[in-house]
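Structure first, then comments.
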2 protein chains.
Amino acid sequence: MARPREFDPDVAMDKAMTLFWDVGYEEASLAELLQAMEITKGSFYKAFHDKQSIYLASLDRYNDKVVSGTVAFLSDKANGTGRIRILGLFGKVAEAIEEDGDRLGCFLCNALVDKAAEGGEAEAKLQAMVHRLENAFFKALTDDAELEEAVAREIARGILSAYFGLRVLGRAGLSAQMAADCIRQVEWLLEKAK
Amino acid sequence: MARPREFDPDVAMDKAMTLFWDVGYEEASLAELLQAMEITKGSFYKAFHDKQSIYLASLDRYNDKVVSGTVAFLSDKANGTGRIRILGLFGKVAEAIEEDGDRLGCFLCNALVDKAAEGGEAEAKLQAMVHRLENAFFKALTDDAELEEAVAREIARGILSAYFGLRVLGRAGLSAQMAADCIRQVEWLLEKAK
DNA sequence: AGAGTTAGGAACTGATCGGTACAAAACACA
DNA sequence: TGTGTTTTGTACCGATCAGTTCCTAACTCT
């Protein structure tokens with residue numbers, strides 16, 4: 001009953017998310033956004049309400065795709081014990097840094113630091129994602145051994161901070177050796193959880 | 001022989017640094033910068049060449065003041081053993097988070113994530129600061145015990161990533177309890193250095 | 001084929017961006 | 001009290017910012 005879209009909103013969203021991921025909210029100009037998404041202004045404002053909206057939608061998308069994927073990996077017992085799964089996650093990150101330099105980092109981590117997120121809806125979304133990650137570490141830890149809840153919670157948070165720290169260092173052009181060293185320390189944290 | 005300055009370039013620089021620290025390079029508009037520094041455009045461009053220059057100068061200032069202060073604290077044997085000094089640093093950070101929420105975080109950490117720094121002079125300055133911190137941790141560790149260099153290096157890097165991770169979480173509005181838990185994990189990392 | 005509906009695209013909005021030009025103001029020196 | 005020098009403030013610059021308007025193109029349904 002009307003003219004159909006000439007672009008796939010899903011892939012356009014993906015392109016937008018990647019740009020925000022790379023350069024942050026403020027630094028992603030509308031012009032760059034349109035170029036990345038390969039659509040024009042009319043289509044943009046018709047399909048996605050405005051810049052703020054698509055940023056929030058990008059956060060949701062990251063949560064749905066990437067964070068969920070990470071949580072799933074950490075929960076899947078087919079990947080080994082909880083300790084192995086956690087180390088596997090860190091190994092993947094280190095691999096990304098080694099292979100392509102990984103200047104993208106982690107969208108969640110980048111957005112946490114980005115002041116554009118503060119105070120509003122974005123911050124709440126980010127905190128929710130942080131808690132999802134924390135809980136995924138927590139569960140992986142308690143899968144392996146009978147741990148006091150408080151102890152497991154502590155270790156999960158320690159791993160979480162090591163994770164974000166590694167991501168920060170990776171984004172800044174950290175050497176691969178440095179990543180490997182960071183992971184050795186996570187191994188040691190996991191020793192406590194035995 | 002000429003009209004004297006009506007402002008103190010040093011305190012103006014401090015104000016500029018604080019703004020960049022808070023909101024990053026891109027998000028700090030010239031208008032906000034001028035308002036914070038309490039000078040007008042004419043004075044700004046005469047005293048500090050342009051926005052990019054004062055940003056780089058802010059990084060240098062942060063290195064001279066804050067990073068040097070941190071390194072000095074970590075090196076000063078009057079503050080206790082190396083382990084105690086390291087834990088003292090983390091304690092200070094946790095305190096800042098508890099007291100005022102610390103939404104400022106660490107300029108170095110924030111700037112590492114800020115894409116505006118990538119590739120140029122800024123990135124080199126940031127990496128240099130990271131290495132200063134890493135070396136300070138390294139020395140504090142080797143002050144306490146005879147450690148193999150490679151082992152101490154590893155642990156220093158692990159502590160470094162935990163440090164940045166804590167800073168990221170703090171900036172995002174992390175609860176004080178979470179900070180305390182992170183520090184418990186650093187304690188455990190230091191156990192290995194005995 | 002014609003009517004109805006929505007997407008696409010270009011022209012345009014006022015506001016703000018970082019930066020410059022220049023004249024008035026304020027000082028040191030003679 | 002001039003005179004030379006530098007700071008200061010303002011008006012202005014073109015470019016870009018996010019967002020709107022509106023006309024045309026492309027489709028579906030009758």
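In what follows, chains are A, B, ... by sequence order, proteins preceding strands, each numbered from 1. What you see is a predicted model, and the numbers here were worked out from it, not measured in a lab.
- Looking only at side-chain heavy atoms (C-beta outward), A/Glu149 and A/Phe138 come within less than 4.5 Å of each other.
- Atom C1' of nucleotide C/dC17 and atom OH of B/Tyr25 are separated by 11 Å, given to the nearest angstrom.
- Atom CD in A/Gln35 sits roughly 13 Å away from atom P in D/dT16 (whole-Å rounding).
- One interatomic measurement links the two molecules: CZ of A/Arg5 to P of D/dT28, which rounds to 15 Å at whole-angstrom precision.
- The side chain of B/Ser29 contributes an N or O atom lying less than 4.0 Å from OP1 or OP2 of C/dC17.
- Note: B/Phe90 and B/Tyr163 have perpendicular aromatic rings, judged against thresholds of 30 and 60 degrees for the angle between ring planes.
- If you check every strand for non-hydrogen atoms under 4.0 Å, B/Thr40 touches a base.
- For A/Lys41, taking side-chain heavy atoms from C-beta onward, the closest of the listed nucleotides D/dT20, C/dG18, C/dT6 is D/dT20.
- Ring pair A/Tyr62/A/Phe107 is perpendicular by interplanar angle, where above 60° counts as perpendicular and below 30° as parallel.
- Using a 4.5 Å heavy-atom cutoff, the side chains of A/His49 and A/Gln52 are not in contact.
- The residues A/Arg184 and B/Glu154 are annotated as salt-bridged, a charged nitrogen and a carboxylate oxygen being separated by less than 4.0 angstrom.
- Here the side chain of A/Lys51 is nearest to one of D/dA18, C/dG8, C/dG19, namely D/dA18.
- Take the nearest nucleotide of DNA chain C for B/Asp50 and for B/Ala2: the residue whose nucleotide is more 5' is B/Asp50.
- The CZ-P distance, from A/Phe48 to C/dG8, rounds to 10 Å in whole Å.
- Distance CG (B/Leu33) to P (C/dG18): 8 Å, rounded to an integer number of Å.
- Using a 4.0 Å heavy-atom cutoff across all strands shown, B/Lys46 reaches at least one base atom of the nucleic acid.
- In terms of phosphate contacts, A/Ser43 brings no side-chain nitrogen or oxygen within less than 4.0 Å of OP1 or OP2 of C/dA7.
- B/Arg3 places its CZ atom 5 Å from the C1' atom of C/dA26, with the value rounded to the nearest Å.
- Atom CZ of A/Phe20 and atom P of D/dA18 are 9 Å apart (whole Å).
- Atom C1' of nucleotide D/dT7 and atom CZ of B/Phe44 are separated by 16 Å, given to the nearest angstrom.
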